[in-house]
Amino acid sequence: MPKTQPSLETIVALAKRRGFVFPTSNLYGGLANSYDYGPLGAELLRNIRNEWWTTFISTRPDMVGIDSQILLHPKTWIASGHVGSFSDPLVDDLVTKKRYRADHLIEEWIERKIKKGSTEFSSFVVEDLSVKEMATFITENKILSPDGNPISEPKAFNLLFETAIGTVADDKARIYMRGETAQGIFTNFRNILDSTRVQLPFGVGQIGKSFRNEITTGQFVFRTLEFEQAEIEYFFNPKEADWQKLFENWKESMHSFVTNTLGIKEKNLRWRQHSDAERSFYSKDTYDLDYNFSFGWKELWGVAYRTDYDLKQHMEHSGQSLEYRDPHSGETFIPHVIEPALGIGRAFLMVLTDAYTEDAEKKRTVLKLKPSLAPYKAAVFPLLKNKPELVEKAQAVYDSLAKKYSITWDARGNIGKRYLYQDEIGTPVCITIDFDTLEDDTVTVRDRDTTEQERIKLSNLEEYLASMLQ
Ligand code: GAP
């Protein structure tokens with residue numbers, strides 16, 4: 001039997017039990033679609049972010065990074081089209097008043113039909129339906145809410161979060177929490193051109209929080225109100241560069257990052273091209289890199305050819321030039337852009353899901369994370385916590401390694417239990433300081449995946465960790 005993915009409940013339970021993710025404000029009963037990252041989660045997130053930044057920004061001469069505001073001038077969102085059309089189709093359960101996404105209810109209805117053996121809708125693409133067509137589909141097929149109640153007609157529900165600036169009293173106070181990090185890049189395009197040495201083709205990336213008033217609940221950190229995006233806008237001259245080639249290069253870089261850098265199994269990834277109806281009107285081509293989550297194949301990372309839509313829109317709405325002047329030909333034009341947009345929370349959930357392993361033979365749960373992503377690279381144990389000479393020696397080992405790596409300390413319970421705990425949080429190596437260490441400066445290192453133990457010299461420990469992290 002091929003191994004299936006661990007259930008979402010399994011991942012949620014592990015994440016809570018071991019301090020990766022907590023439901024936010026759980027003191028007050030939680031808040032829908034909102035989570036906090038605990039001590040382990042914060043480390044894992046940081047590692048994913050750092051890998052992305054190193055791969056796509058700091059090691060590429062054609063890339064720069066920025067860090068723009070969450071609150072941008074409200075005209076930004078009018079120009080980008082978000083105020084007008086950044087919406088999901090919403091329906092209300094007419095009895096319970098609970099809200100659902102119409103497209104999701106239709107998808108679930110079709111899935112149930114297919115499970116019962118119907119082939120009528122097997123190649124039906126729900127994303128291709130307009131809100132009006134969804135209304136007709138719902139009426140014709142008498143689709144009900146999950147509680148079995150009638151539902152309202154779908155209406156477009158804008159996902160932007162609105163807030164207000166305290167210093168202004170009238171309507172001018174309205175401001176939006178950014179719905180994507182991308183717009184902060186477009187609005188800084190001129191600043192970046194004027195302040196750096198970049199020349200086309202070049203990309204600008206940033207990592208930061210975005211906000212969407214999502215209706216769907218129950219997908220853990222996959223879909224949250226507040227989430228982190230890592231987005232790139234890669235600008236180029238459409239007359240000089242072949243967009244299809246650039247697009248393919250980006251797809252390859254994204255795939256390689258997920259498999260090689262994040263260590264995800266290739267069989268759990270697939271590309272899905274957006275149909276004409278699904279694709280945003282300004283995009284010439286869009287692909288999603290989907291991951292096989294426990295609740296189905298879902299978008300991890302999108303890549304879209306946004307043409308010159310955004311810069312053009314901002315030029316029109318601001319009245320300022322966002323043209324690029326070619327230093328050789330003197331030609332001025334609006335660059336085109338390819339946009340790879342990743343959700344860090346989704347990458348986090350994918351990494352946990354892919355690494356989760358139940359080792360029946362050894363009766364343990366192991367997170368087989370790539371060592372470079374593991375929250376702790378090693379755990380240091382004094383064999384016995386009530387022997388000061390062991391504790392002191394172990395403390396010295398901890399201190400020297402902690403200068404370079406994220407290291408954890410554990411002196412609680414017996415060694416077997418400490419191993420099981422570290423396996424469950426994905427620590428690649430456990431280092432035990434025992435009485436022999438005091439005699440000959442050797443320690444026991446135990447490998448997370450094989451559980452094999454070996455004795456190595458203290459002076460070789462750093463080298464041992466460095467080679468594991470390669
Ligand atoms: N600038 C383009 C853009 O924002 P998107 O497909 O809407 O495109 C990009 O979002 C990525 O952000 C998605 O592929 C997904 O990983 C992540 N994302 C979007 N909405 C999210 C949400 N509500 N919760 C968590 N991640 C989300």
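Ligands are counted one by one from 1 in listed order, and the atoms in each one are counted from 1 as well. Model, not experiment: these values are computed from the prediction.
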Asks: Could you tell me whether Lys98 and Asp147 have a side-chain N and a carboxylate O separated by less than 4.0 Å?
Replies: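 So Lys98 pairs with Asp147 through a salt bridge.
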Asks: Taking only heavy atoms of Leu300, which atoms of ligand 1 are found under 4.0 Å from at least one of them?
Replies: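 So the answer, numbered in order with elements, is 14 (O), 15 (C), 16 (O).
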Asks: Specify the protein heavy atom at minimum distance from atom 11 (C) of ligand 1: its residue, its atom name, and the distance to 0.1 Å.
Replies: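 Residue, atom and distance for the closest contact: Ala341 O, 3.6 Å.
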Asks: Do any N/O atoms on Leu342 end up under 3.5 angstrom from N/O atoms on ligand 1?
Replies: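 N/O-N/O distance below 3.5 Å does not exist for this pair.
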Asks: Under 4.0 Å from a heavy atom of Glu339: give me the atoms of ligand 1 that qualify, with their elements.
Replies: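 With Glu339 as reference, the close atoms of ligand 1 come out as 1 (N), 2 (C).
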Asks: Please work out which of the three classes, parallel, tilted or perpendicular, describes the rings of Phe257 and Phe56, given edges at 30° and 60°.
Replies: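 Taking Phe257 first and then Phe56, their aromatic rings sit tilted (interplane angle of 30° to 60°).
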Asks: Please say whether the positively charged group of Lys209, taken as NZ for Lys or CZ for Arg, lies over the ring of Phe227, i.e. under 6.0 angstrom from the six-membered ring centre and within 45 degrees of the axis.
Replies: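 Ring-cation test returns no.
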Asks: Under 3.5 Å between some N or O of ligand 1 and some N or O of Gly343?
Replies: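 Yes, Gly343 has an N/O under 3.5 Å of an N/O on ligand 1.
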Asks: Return the residue, atom name and 0.1 Å-rounded distance of the protein heavy atom closest to atom 23 (N) of ligand 1.
Replies: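 That would be Glu214 OE2, 2.8 Å.
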Asks: Which ligand 1 atoms does Phe222 reach within 4.0 Å, using its non-hydrogen atoms?
Replies: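 Heavy-atom distances to Phe222 below 4.0 Å select 24 (N), 25 (C), 26 (N).
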Asks: Could you tell me whether the side chain of Val303 reaches within less than 4.5 Å of the side chain of Met254, counting heavy atoms only?
Replies: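 Met254 reaches Val303 side chain to side chain.
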Asks: Would you mind running through ligand 1 and noting each atom that sits below 4.0 Å from a heavy atom of Glu180?
Replies: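 Answer for ligand 1: 1 (N), 2 (C), 3 (C), 4 (O).
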Asks: Would you mind checking which non-hydrogen protein atom is closest to atom 9 (C) of ligand 1, with the distance to 0.1 Å?
Replies: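 Looking at atom 9 (C) of ligand 1, the protein heavy atom closest to it is Gln229 NE2, 3.4 Å.
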Asks: Who's the nearest protein heavy-atom neighbour of atom 6 (O) of ligand 1, and how far?
Replies: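 I find the closest protein heavy atom is Glu299 OE2, 3.0 Å.
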Asks: Verify, without hydrogens or angle tests, whether Lys377 (side chain) and Ser372 (backbone) share a donor-acceptor contact under 3.5 angstrom.
Replies: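 Yes: the side chain of Lys377 pairs with the backbone of Ser372.
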Asks: Is Met350 near ligand 1, meaning one of its heavy atoms is under 4.0 Å from it?
Replies: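 The answer is no, since Met350 has no heavy atom less than 4.0 Å from ligand 1.
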Asks: Would you mind finding which of Phe211, Phe227, Trp301, Phe220 brings a heavy atom closest to atom 22 (C) of ligand 1?
Replies: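 The nearest heavy atom belongs to Phe227.
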Asks: Given that the side chain starts at C-beta and the backbone is N, CA, C, O, which of these parts of Arg223 lies under 4.0 Å from ligand 1, counting heavy atoms, or is it both or neither?
Replies: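 The part of Arg223 near ligand 1 is both the backbone and the side chain.
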Asks: Checking Glu231 side chain against Thr181 main chain: does a donor-acceptor pair fall under 3.5 Å?
Replies: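 Checking the backbone N and O of Thr181 against the side chain of Glu231, a donor-acceptor pair under 3.5 Å is found.
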Asks: What atoms of ligand 1 come within less than 4.0 Å of a heavy atom belonging to Arg306?
Replies: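 Reading through ligand 1 atom by atom, the close ones are 1 (N), 2 (C).
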Asks: In the protein, which heavy atom is nearest to atom 24 (N) of ligand 1, and how far is it?
Replies: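 Protein heavy atom at minimum distance: Thr224 N, 3.0 Å.
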Asks: Look at atom 15 (C) of ligand 1 and say which protein heavy atom is nearest, naming residue and atom and giving the distance to 0.1 Å.
Replies: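 Checked against all protein heavy atoms, atom 15 (C) of ligand 1 sits closest to Arg346 NH1, 3.4 Å.
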Asks: Would Arg46 and Glu43 pass as an ion pair if we require N to O under 4.0 Å?
Replies: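 So Arg46 pairs with Glu43 through a salt bridge.
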Asks: Is it the case that the ring center of Phe220 lies less than 6.0 angstrom away from the ring center of Phe222?
Replies: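 Judged by ring-centre distance (under 6.0 Å), Phe222 and Phe220 do not meet the cut-off.
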Asks: Using a cut-off of 6.0 Å, state whether more than 12 heavy atoms not belonging to Gln69 lie near its atom CD.
Replies: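 No - once you tally the heavy atoms of other residues, nucleotides and ligands closer than 6.0 Å, there are 12 at most.
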Asks: Between Glu108 and Lys113, does any side-chain N to carboxylate O distance fall below 4.0 Å?
Replies: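 Between Lys113 and Glu108 there is no salt bridge, as every charged N stays at least 4.0 Å from the carboxylate O atoms.
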Asks: Could you tell me the residue and atom name of the protein heavy atom closest to atom 3 (C) of ligand 1, and the distance to it rounded to 0.1 Å?
Replies: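 Looking at atom 3 (C) of ligand 1, the protein heavy atom closest to it is Glu231 OE2, 3.5 Å.
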Asks: When you look for heavy atoms under 4.0 Å from ligand 1, do you find them on the side chain of Thr181, its backbone, both, or neither?
Replies: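 For Thr181, no heavy atom sits under 4.0 Å from ligand 1.
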Asks: Tell me which protein heavy atom sits closest to atom 19 (C) of ligand 1, plus the residue, atom name and distance to 0.1 Å.
Replies: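 Heavy-atom neighbour on the protein nearest atom 19 (C) of ligand 1: Arg212 NH1, 3.5 Å.
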Asks: Going by side-chain hydrogen bond (donor to acceptor under 3.5 Å, both in side chains), name the pairs with one or both residues in residues 28-39, residues two or more places apart or in two chains.
Replies: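 Pairs touching residues 28-39 that pass the test: Thr24-Asp36.
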Asks: Who passes side-chain contact (heavy atoms from CB on, under 4.5 Å) against Thr216, sequence neighbours left out?
Replies: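 For Thr216, the residues satisfying side-chain contact (heavy atoms from CB on, under 4.5 Å) (neighbours in sequence not counted) are Arg101, His104, Gln219, Arg223.
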